Amino acid sequence: MPEKSVVGWSALIAGFSARGDAEAAWGLLDRMRSAGVEPNVITWNGLVSGLNRSGRALDAVTALVRMHSEGFSPDATGVSCALSAVGDVKEVSVGEQVHAYVLKAGCRQDACVVTALIDMYGKCGRADEISRVFHESSHMDVASCNALVAGLSRNAQVSEALLLFREFVSRGVELNVVSWTSIVACCVQNGKDLEAVDLFRKMQSEGIEPNAVTIPCVLPAFANVAALMHGRAAHCFSVRKGFLRDVYVGSALVDMYAKCGKVGDARTIFDAMPCKNVVSWNAMIGGYAMHGEAANAVQLFRLMQSLKLKPDLVTFTCVLGACGQAGLTEEGRRYFNEMQQAHGISPSMEHYACMVTLLGRAGKLQEAYDLINEMPFEPDGCIWGSLLGSCRVYGNVHLAEVAAEKLFELEPENAGNYVLLSNIYASKKMWDGVNRVRDEMKNMGLTKEKGCSWIEIKNKVHMLLAGDNSHPMMAAITEKLNQLTVEMSRLGFAPSTDFVLHDVEEQEKDNILAVHSEKLAVALGLISTSPGTTLRVIKNLRICGDCHEAMKFISCFEGREISVRDTNRFHHFKDGKCSCGDYW
DNA sequence: ATAGGGTTAG
């Protein structure tokens, strides 16, 4: 039996709440009163705080509401905890009521309340409110910075986040590892990879050491721009710090190595991980898929099953993707069925997209279309885009028009769809169609996404844009490309005329000289590294057939291994051949 | 006896 003091009861209630035992906590509150002891503000706060921290968010909010309705005035402490809970359950209307109470109770300048409000609005998807609360408060401390950056990041306000983060820095607010990790994560999650790499370095030069959370945050940035050297450095750092025990760090390293073209290194990390979860397995299986190593992907999936590990939705996305890449059509079909029958997972949009790709790549366009029509929900742009892509490969104008019509409706701003349809018409010499689509594109004011490639040379990532001459070494790059072109035609490598039409841009006079970015990157790599060095290039679009042929030639002529990761998969060029076996 | 912030896979 607890002591008869309010302190004793409060401690007990806080204890049970913190363990997530809401029922016991409520029970104690009743018993306390039966024993003639009235709870005070601290008793109630302890309840709200404990329930929030133990993940019983709804109970925490209920506690605050009941506290209020029983005549207590929640203070800044209780309000902060309750707002934190509101964010977890994303009940913005409740959050707004608490916010209104905050204004009434006069604790709007309390540092914790401000941070909690920012956090709550961030988690509820209200970017406008985040900025408003921040600008109306006079506080700038480390926690509000962290909540602010995380909230803006979640709502894709990366520019605003960077702007405010820099303001915190310039005002001399003492930021910590969480702040720097947040801004790095923000950049990574919003497509600012090079910015993230930069901030990661800045963080260290400011004397803030990355921790086991920072590493998995920054690794995707290295992976996205294939900064293998940076990735390796982060790996070494993790070894020294003992972070390799951390399943997040391990999984992110697996992913990074796979995306940097080192699927073997990814496997080494994977095998050495002392503790794996389904994410780790998915990263490894997905890595194999990306490299077109379907046999390894399937083998790992089998191993997973024999270990009685439960695959999830993503696992099947990876396995189906691997089958698609390798043309394992029948296996793919079997897994698609197995997923539903043996694992009770009903296929999601992504799974259907995998199957449409798998069937489409195998030339079974009608089957792909039938599957789309059988789907229990409305197909999205990915589905139709996949079908359209396959129609391009197999020259199926009829289904292409069906898919394109849906796409123009679903994603009217996506220039890629117009380009694809135009290319399909062009490959059939249907010039009326080409002109119609190009006019439509022009009327919509759409331009094709600029091709962009990255290559890491001596620890620095270079970005090259198609048709952009701003790289300082452009003259030497052009000279190298001209030399290669001469050699190519001398040795009888003719560019595929089919693929010359691949790119609407190339039909435009202005852009006739624009060289695709992956060629620029490879040329830069060739002239900047010693003979025999492997070149790793990442590209933001899919590699075109012309470049694919050129890469095969260059790998042979220059005696180099070249890996190109496009949006779809890896192409490893060696001795004039590509690992995709031209199946892509 | 009670308070706010960051992470991995397709």
Side-chain angles (χ1 to χ4, degrees), chain A residues 2 5-15 17-18 39-50 52-53 74-84 87 107 110-120 122-123 139 141-151 153-154 175-186 188-189 210-220 223 243 246-256 258-259 276-287 289-290 312-322 348-351 353-354 382:
Chain A
S5 75
V6 62
V7 173
W9 284 102
S10 300
L12 208 54
I13 288 172
S17 307
N40 61 20
V41 170
I42 296 180
T43 317
W44 281 104
N45 286 348
L47 185 64
V48 180
S49 157
N52 173 45
R53 275 200 308 197
D75 61 4
T77 303
V79 163
S80 318
C81 296
L83 285 170
S84 166
C107 53
D110 181 278
C112 293
V113 169
V114 170
T115 302
L117 278 169
I118 292 172
D119 175 62
M120 181 275 292
K123 286 175 177 158
H139 280 285
D141 68 8
V142 56
S144 66
C145 172
N146 300 350
L148 200 57
V149 171
S153 177
R154 240 190 291 270
L175 301 179
N176 62 12
V177 61
V178 177
S179 328
W180 286 92
T181 301
S182 303
I183 193 69
V184 167
C186 174
V188 171
Q189 284 154 15
N211 67 11
V213 176
T214 319
I215 300 301
C217 286
V218 74
L219 282 174
F243 294 164
D246 186 305
V247 66
Y248 280 71
V249 172
S251 304
L253 280 170
V254 167
D255 182 58
M256 182 276 295
K259 286 189 177 145
K276 305 180 183 73
N277 61 17
V278 67
V279 175
S280 329
W281 287 84
N282 293 348
M284 193 63 241
I285 295 173
M290 209 184 301
D312 68 2
L313 295 153
V314 178
T315 316
F316 281 99
T317 312
C318 296
V319 171
L320 293 175
S348 69
M349 193 72 85
E350 283 79 12
H351 297 114
C354 285
C382 292

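In what follows, chains are A, B, ... by sequence order, proteins preceding strands, each numbered from 1. The structure displayed is predicted, hence computed values, not measured ones.
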Seminar exercise, completed: The first and last nucleotides of DNA chain B lying within contact of chain A, meaning any atom under 4.0 Å from one of its heavy atoms, run from B/dA1 to B/dG10

For this session: For A/Val314, enumerate each residue passing the side-chain contact (heavy atoms from CB on, under 4.5 Å) test, keeping only those at least two apart in sequence or located in another chain.
Result: A/Asn282, A/Asp312, A/Cys318

Exercise. Is there a donor-acceptor pair under 3.5 Å between the side chain of A/Asn52 and the backbone N or O of A/Val48?
Worked result: no

For this session: Quick one: label A/Asp75 by what it contacts on the DNA or RNA (base, sugar-phosphate, nothing), any heavy atom closer than 4.0 Å.
Result: nothing

Exercise. With sequence neighbours excluded, what pairs up with A/Thr43 under the side chain to side chain donor-acceptor pair (under 3.5 Å) test?
Worked result: A/Ser10, A/Asn40

Problem set entry | Partners meeting side chain to side chain donor-acceptor pair (under 3.5 Å) with A/Asn211 (sequence neighbours left out) | A/Thr214

For this session: Output all residues satisfying side chain to side chain donor-acceptor pair (under 3.5 Å) with A/Ser49, sequence neighbours left out; order by chain, then residue number.
Result: none

Exercise. Base, sugar-phosphate, or nothing for A/Thr181, non-hydrogen atoms under 4.0 angstrom?
Worked result: base

Exercise. Looking for any heavy atom pair under 4.0 Å, which part of the strands does A/Val48 touch: base, sugar-phosphate only, or nothing?
Worked result: nothing

For this session: With sequence neighbours excluded, tell me which residues meet side chain to side chain donor-acceptor pair (under 3.5 Å) with A/Lys123.
Result: A/Asp119

Exercise. Just checking A/Ala212: base, sugar-phosphate only, or nothing, at a heavy-atom cut-off of under 4.0 Å?
Worked result: base

For this session: Would you mind classifying the nucleic acid contact of A/Ala150 as base, sugar-phosphate or nothing, using non-hydrogen atoms under 4.0 angstrom?
Result: sugar-phosphate

For this session: Have a look at A/Asp246 and say if it touches a base, only the backbone sugar-phosphate, or nothing, with a 4.0 Å heavy-atom cut-off.
Result: nothing

Exercise. Base, sugar-phosphate alone, or nothing: which one does A/Lys259 contact when heavy atoms must sit under 4.0 Å apart?
Worked result: sugar-phosphate

